[in-house]
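Read the structure below first, then the notes.
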Amino acid sequence: MKDGICAKCGEHEVYTRKDGNYGLNLPISMFSKTLLELYVCAACGYLEFYVQSGEKLKQVPETFKKVN
């Protein structure tokens with residue numbers, strides 16, 4: 001999605017918001033959260049979110065359970 005191509009339908013109608021004004025934050029700990037980048041395909045409605053901060057991304061394994 002970050003390359004402008006929808007991961008689901010393959011269309012080039014991908015748009016983004018990286019300002020966090022849509023109210024979506026990822027809680028990293030009780031006292032810490034990070035903003036998310038939103039990517040949405042205007043053709044099919046598929047959404048993807050990405051952690052903006054590389055430093056916060058490093059904390060994810062300490063907070064979340066790994067999917068097996």
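For this chain, numbers begin at 1 and follow the sequence in order. For clarity, every value in this text was computed on a predicted model and none was experimentally measured.
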Check your understanding: Can you tell me if NZ on Lys56 sees more than 12 non-hydrogen neighbours from other groups inside 6.0 Å?
Key -> yes
Review point. If you group Ile, Leu, Val, Met, Phe, Trp and Tyr by side-chain heavy-atom gaps below 4.5 Å, do Leu26 and Leu38 land in one group?
Key: yes
Review point. Should Val51 and Leu47 be counted in the same cluster of Ile, Leu, Val, Met, Phe, Trp and Tyr side chains packed under 4.5 Å apart?
Key: yes
Practice item. Report the distance from atom CD of Glu11 to atom CD1 of Ile5, rounding to the nearest 0.5 Å. Key: 10.5 Å
Check your understanding: Which pair of non-hydrogen atoms, one from Met1 and one from Ala7, has the smallest distance, and what is that distance?
Key -> SD-N, 3.5 Å
Practice item. Heavy atoms only: give me the nearest Ala43-Glu13 pair and the separation to one decimal. Key: N-CB, 4.0 Å
Point to revise | Expected output: side-chain Thr63 to main-chain Ile28 donor-acceptor under 3.5 Å | key: yes
Check your understanding: With hydrophobic residues grouped by side-chain heavy-atom distances under 4.5 Å, do Phe64 and Phe49 end up in a single group?
Key -> yes
**Study point:** Gln59 and Ser32, any side-chain heavy atoms less than 4.5 Å apart
**Key:** yes
**Study point:** Connected via hydrophobic side-chain network under 4.5 Å: Leu57 and Leu36
**Key:** yes
Practice item. Check the hydrophobic clustering (I, L, V, M, F, W, Y; side-chain heavy atoms under 4.5 Å; chains of links allowed) and say if Tyr50 and Val60 are grouped together. Key: no
